[in-house]
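All heavy atoms count here, side chains included; hydrogens, waters and symmetry mates do not. Lettering follows sequence order; numbering is per chain, from 1.
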2 protein chains.
Amino acid sequence: MFNSTAILRKHGIPVTAQRLALLRAVGARPHATADALAEAVRAEIGTISKQAVYNTLGTLVEKGILRRIQPAGSPARYEGRVGDNHHHLICRSCGKTVDVACVVGERPCLRASEDSGFRIDEAEVIFWGTCPRCLGKDGAQQAGPVKPQDFCEQTNKPPN
Amino acid sequence: MFNSTAILRKHGIPVTAQRLALLRAVGARPHATADALAEAVRAEIGTISKQAVYNTLGTLVEKGILRRIQPAGSPARYEGRVGDNHHHLICRSCGKTVDVACVVGERPCLRASEDSGFRIDEAEVIFWGTCPRCLGKDGAQQAGPVKPQDFCEQTNKPPN
DNA sequence: AACAAAATGTGGACAGAGTCCATTTTTTAC
DNA sequence: GTAAAAAATGGACTCTGTCCACATTTTGTT
Ligand SMILES: [Mn+2]
Ligand SMILES: [Mn+2]
Ligand SMILES: [Zn+2]
Ligand SMILES: [Zn+2]
């Protein structure tokens, strides 16, 4: 109720109920989609427009307050863990997304073998695989992929 | 006129004019989008439906004949360079995409610091930066980003 | 070469994610 | 408290990609 306010003020961003609620929602649901965050905010303050969600998340990402990741096959996801240049590990079957610490820390953490004259500022790494739940108990692939909706505990949205 | 045919036959995929044309189009335009490939095919054989494009590219990716990459902020891109697990370097300003050799070769080429019980099969790496053209001559950022359309030589689509 | 079954291609409706825009409401600065 | 600036709203719209029913082409078998 004041921490988020301070963050917005510090960055010169006008403080609104929608922004505060979004910031709280992201804090509670790392790697959530814009849509999942919108629903979370609606549950808390009643209503927020799709546009306010996108505008706010966009602004917060620009200011470096949030981080946006856009894995293949998924809408964008947002998280409050910024500044540590960590990476992600995503289940191909159910979409479960977990953080993976970067051993280097600062970005870009990898060096490209040839830079083709580019000035490289980031090395984005996504590890793809199958999560423990989607693996059979013996490590074999289960019959059908676990549907994302079957899965998430807090929301009935694709998990994480 | 026979190489692509052989590839399809080898994988048990029925040979159609659309598939042959798509395969040629991808060969000539690495990292092109489905839409750009559709236009290229239309220029060559007159017409192809959007659905045939998506179905065929999907099948070819499944069979390992093509590779699909889905960088943030871009529609999917396709390339015929498969089996070498190379990575990509993308210009944030204009979208120019170039291959970066993987020093390891086989995938997953990176080890995650903790696997959280996942069975990891791929480490996807995208280097983000600014291409030589989008950098000023002294390395300073230009005033405005170069629009993708201003850029590509062969097509008037977003480059590479 | 001709045929039937299987697989593809086609066009058009539709869906998901995100953007644009005019208008209304809220926040900020004085 | 007021006025200017910034955000929020909601609805139209765009861009990628998918679904579906039906027409056409490929295959592989006579
Ligand atoms: Mn994360
Ligand atoms: Mn490539
Ligand atoms: Zn899973
Ligand atoms: Zn560029």
Could you tell me the separation between the CZ atom of A:Arg19 and the C1' atom of D:dA8, rounded to a whole number of Å?
9 Å
Enumerate all atom pairs, one protein N or O and one N or O from nucleotides 25-30 of chain D, separated by less than 3.5 Å.
from: D:dT27; atom 1: OP1; to: B:Val15; atom 2: N; distance (Å): 2.7

Sequence neighbours left out, what passes salt bridge (Lys or Arg N to Asp or Glu O under 4.0 Å) with B:Arg9? Give chain and number order.
none
Ring pair (Phe, Tyr, Trp, His ring centres under 6.0 Å) with B:His86: which residues, sequence neighbours excluded?
B:His88
So how far is it from A:Leu8 CG to A:Leu23 CG, rounded to the nearest 0.5 Å?
5.5 Å
Roughly what angle, to 10°, lies between the helix axis at the start of the helix from C:dA1-D:dT30 to C:dC30-D:dG1 and the one at its end, five pairs per end?
40°
All pairs passing side-chain hydrogen bond (donor to acceptor under 3.5 Å, both in side chains) where residues 42-53 of chain B contributes a residue, at least two apart
B:Arg24-B:Glu44
Encode nucleotides 12-19 of chain C as B, S and - characters from 5' to 3', where the letter depends on protein heavy atoms closer than 4.0 Å: B to the base, S only to sugar-phosphate, - to neither.
-B---SBB
Pairs under 3.5 angstrom, nitrogen or oxygen only, protein versus nucleotides 22-24 of chain C, please.
none

Under-4.0 Å side-chain N/O to phosphate OP1/OP2 contact, B:Thr33 with D:dT16:
no
Applying salt bridge (Lys or Arg N to Asp or Glu O under 4.0 Å), name anything that partners A:Arg92, two or more places apart in sequence or on another chain.
B:Asp121, B:Glu122
Run through the side-chain heavy atoms of Ile, Leu, Val, Met, Phe, Trp and Tyr, join any pair under 4.5 Å, and report what else lands in A:Ile69's cluster.
none
Going by side-chain heavy atoms closer than 4.5 Å, which hydrophobic residues are tied to B:Tyr54, directly or by a chain of links?
none
Through direct or indirect side-chain contacts below 4.5 angstrom among Ile, Leu, Val, Met, Phe, Trp and Tyr, which residues connect to A:Ile126?
A:Ile90, A:Trp128
If you round to the nearest 0.5 Å, how far is CG of B:Leu110 from SG of A:Cys109?
8.5 Å
Give the other cluster members for B:Val82, using side-chain heavy-atom distances under 4.5 Å between Ile, Leu, Val, Met, Phe, Trp and Tyr residues; answer none if it is isolated.
none
With a 3.5 Å cut-off and no angle check, do the side chains of B:His87 and B:Asp99 form a donor-acceptor pair?
no
